[in-house]
Amino acid sequence: MSEKSLDSSKIAVLGAGNLGYAIAKRLKESGYEVIVTGRREAVLESLKKMGCRVTNNRDAVSEADFVIITVKPKDLDSLIDEIRDCAEGKIIISFVAMKKLEDIRMNAKIVRAMSNILCEYGLAFTAYYCEFDDDEIESILSKLGDVYKAKDEKEVDLMTAFSGSAPAFVAKIIESFIYAGLNSGLNAEVSKKCALSVFKATSEALKTQSPEEFIIKVTTPAGTTIQGLRKLMEHRVDFAIVDALQATARRAMGS
Ligand SMILES: NC(=O)C1=CN([C@@H]2O[C@H](COP(=O)(O)OP(=O)(O)OC[C@H]3O[C@@H](n4cnc5c(N)ncnc54)[C@H](O)[C@@H]3O)[C@@H](O)[C@H]2O)C=CC1
Ligand SMILES: O=C(O)[C@@H]1CCC=N1
């Protein structure tokens with residue numbers, strides 16, 4: 001699975017948990033030399049088996065060309081205090097939600113980024129913002145999937161909802177499809193397989209047409225689909241989704 005990269009940059013991932021594991025695994029598979037730190041033994045052991053080097057935060061930062069931070073927001077300040085004097089001049093990419101550039105005060109080049117857990121498969125949508133130029137940042141982030149250079153920091157905060165949290169919302173909707181299948185007498189395995197197929201293929205189809213055009217093609221006048229669409233409208237599913245993303249974005253912006 002390992003694809004050879006010409007890149008010789010060393011990347012440190014500080015705080016290998018859910019997101020850090022996914023990023024470290026993907027970057028390792030993409031050919032980078034990856035150094036990881038963390039507190040979850042099973043995660044560290046698994047990354048070690050893939051060829052990542054496990055060490056402490058200060059060694060990782062001293063050795064690396066790029067430092068990725070994936071600790072929880074509550075753990076960021078103490079991590080910054082710990083690495084401050086070895087981070088001088090390094091490029092630090094923070095994926096920590098709700099923490100602004102001004103919260104990451106170090107004598108280093110700081111990048112704000114937001115991605116999602118799908119980076120494990122190279123299928124994430126990653127937004128980043130920084131106030132300096134460095135082509136390699138985009139090159140590293142592109143290994144995680146699609147990349148978007150944000151116009152300002154606010155866009156990165158918004159992406160916490162639209163990229164970071166969104167896979168959980170999609171999984172919640174797919175879970176409801178599975179319950180609906182069970183409720184109608186389909187078994188869970190068949191319901192899940194069908195739901196995954198429909199979500200994947202619909203995403204593909206919508207690359208070249210608008211959702212509206214697509215819905216009209218599927219919906220026969222006085223047929224079956226319109227009955228389901230009426231129920232979705234009755235339950236105001238569109239409002240529920242807008243509300244969910246807005247509430248998430250508000251929290252990401254600090255309220
Ligand atoms: N989980 C997700 O899908 C996403 C998470 N994020 C952001 O990524 C960050 C991490 O989230 P998760 O991976 O879910 O959290 P997590 O809790 O699974 O991972 C963080 C890891 O950092 C470790 N840690 C804490 N302090 C440390 C320190 N000083 N040195 C080394 N390791 C330390 C913890 O033990 C933990 O294992 C958060 O700031 C979150 O906002 C962003 C987008 C998506
Ligand atoms: O729930 C959270 O706060 C983090 C940020 C985006 C996804 N997980």
Side-chain angles (χ1 to χ4, degrees), residues 11-27 34-48 52-64 67-87 90 92-101 103-104 106 110-129 140-141 144-148 150 153-172 244-255:
I11 303 175
V13 178
L14 309 184
N18 296 314
L19 185 67
Y21 169 84
I23 292 175
K25 177 173 183 270
R26 183 67 191 170
L27 293 179
V34 179
I35 311 165
V36 294
T37 75
R39 293 172 179 168
R40 275 163 65 184
E41 281 310 316
V43 172
L44 296 176
E45 196 48 44
S46 169
L47 288 169
K48 200 172 173 178
C52 298
R53 199 165 91 69
V54 179
T55 185
N56 60 58
N57 291 321
R58 291 177 60 81
D59 281 354
V61 173
S62 303
E63 274 187 44
V67 178
I68 288 175
I69 300 186
T70 55
V71 296
K72 292 274 196 214
K74 69 175 174 54
D75 294 319
L76 183 64
D77 288 349
S78 60
L79 177 65
I80 290 174
D81 287 343
E82 187 186 347
I83 62 172
R84 178 170 280 116
D85 62 323
C86 20
K90 305 267 175 183
I92 311 263
I93 308 175
S94 167
F95 285 86
V96 181
M98 299 179 282
K99 293 289 185 181
K100 316 266 186 239
L101 284 176
D103 297 320
I104 312 170
M106 274 188 283
I110 313 292
V111 181
R112 274 282 315 274
M114 186 45 63
S115 186
N116 64 42
I117 204 150
L118 301 172
C119 57
E120 179 172 353
Y121 315 101
L123 295 173
F125 186 92
T126 305
Y128 74 100
Y129 175 75
I140 292 169
L141 297 179
L144 309 179
D146 293 330
V147 186
Y148 169 66
E153 216 184 337
K154 185 183 162 198
E155 281 196 334
V156 177
D157 287 325
L158 290 175
M159 283 300 163
T160 310
F162 290 88
S163 174
S165 303
F169 306 151
V170 173
K172 192 74 197 154
L245 284 154
Q246 267 186 358
T248 311
R250 267 197 302 273
R251 181 84 169 112
M253 311 278 286
S255 53

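Ligands are counted one by one from 1 in listed order, and the atoms in each one are counted from 1 as well.
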Can you tell me if [X] uses its side chain to pair, donor with acceptor, with the backbone of [Y] under 3.5 Å?
X	Y	result
K100	K154	no
K99	L76	no
T126	V147	no
N116	S163	yes
E153	R112	no

Enumerate the atoms of ligand 2 whose separation from the nearest heavy atom of S165 is less than 4.0 angstrom. 6 (C), 7 (C)

Return each pair, listed once, that meets salt bridge (Lys or Arg N to Asp or Glu O under 4.0 Å) where at least one residue sits in residues 13-25; pairs must be two or more places apart or across chains. K25-E29, K25-E120

For atom 7 (C) of ligand 2, is there a protein heavy atom at a distance under 4.0 Å? yes

N/O contact list for ligand 1, threshold under 3.5 Å:
{"from": "ligand 1", "atom 1": "13 (O)", "to": "N18", "atom 2": "N", "distance (Å)": "3.1"}
{"from": "ligand 1", "atom 1": "13 (O)", "to": "L19", "atom 2": "N", "distance (Å)": "2.8"}
{"from": "ligand 1", "atom 1": "14 (O)", "to": "N18", "atom 2": "ND2", "distance (Å)": "3.2"}
{"from": "ligand 1", "atom 1": "14 (O)", "to": "K72", "atom 2": "NZ", "distance (Å)": "3.3"}
{"from": "ligand 1", "atom 1": "15 (O)", "to": "K72", "atom 2": "NZ", "distance (Å)": "3.2"}
{"from": "ligand 1", "atom 1": "18 (O)", "to": "N18", "atom 2": "N", "distance (Å)": "2.9"}
{"from": "ligand 1", "atom 1": "18 (O)", "to": "N18", "atom 2": "ND2", "distance (Å)": "3.1"}
{"from": "ligand 1", "atom 1": "18 (O)", "to": "R40", "atom 2": "NH1", "distance (Å)": "3.2"}
{"from": "ligand 1", "atom 1": "26 (N)", "to": "R39", "atom 2": "NH1", "distance (Å)": "3.2"}
{"from": "ligand 1", "atom 1": "29 (N)", "to": "R39", "atom 2": "NH2", "distance (Å)": "3.3"}
{"from": "ligand 1", "atom 1": "30 (N)", "to": "N57", "atom 2": "ND2", "distance (Å)": "2.9"}
{"from": "ligand 1", "atom 1": "39 (O)", "to": "V71", "atom 2": "O", "distance (Å)": "2.7"}
{"from": "ligand 1", "atom 1": "41 (O)", "to": "A97", "atom 2": "N", "distance (Å)": "3.1"}

Nearest protein heavy-atom contact for atom 3 (O) of ligand 2: which residue, which atom, what distance? A97 CB, 4.6 Å

Hey, what do you get for SG (C86) to CD (E63), rounding to the nearest 0.5 Å? 11.0 Å

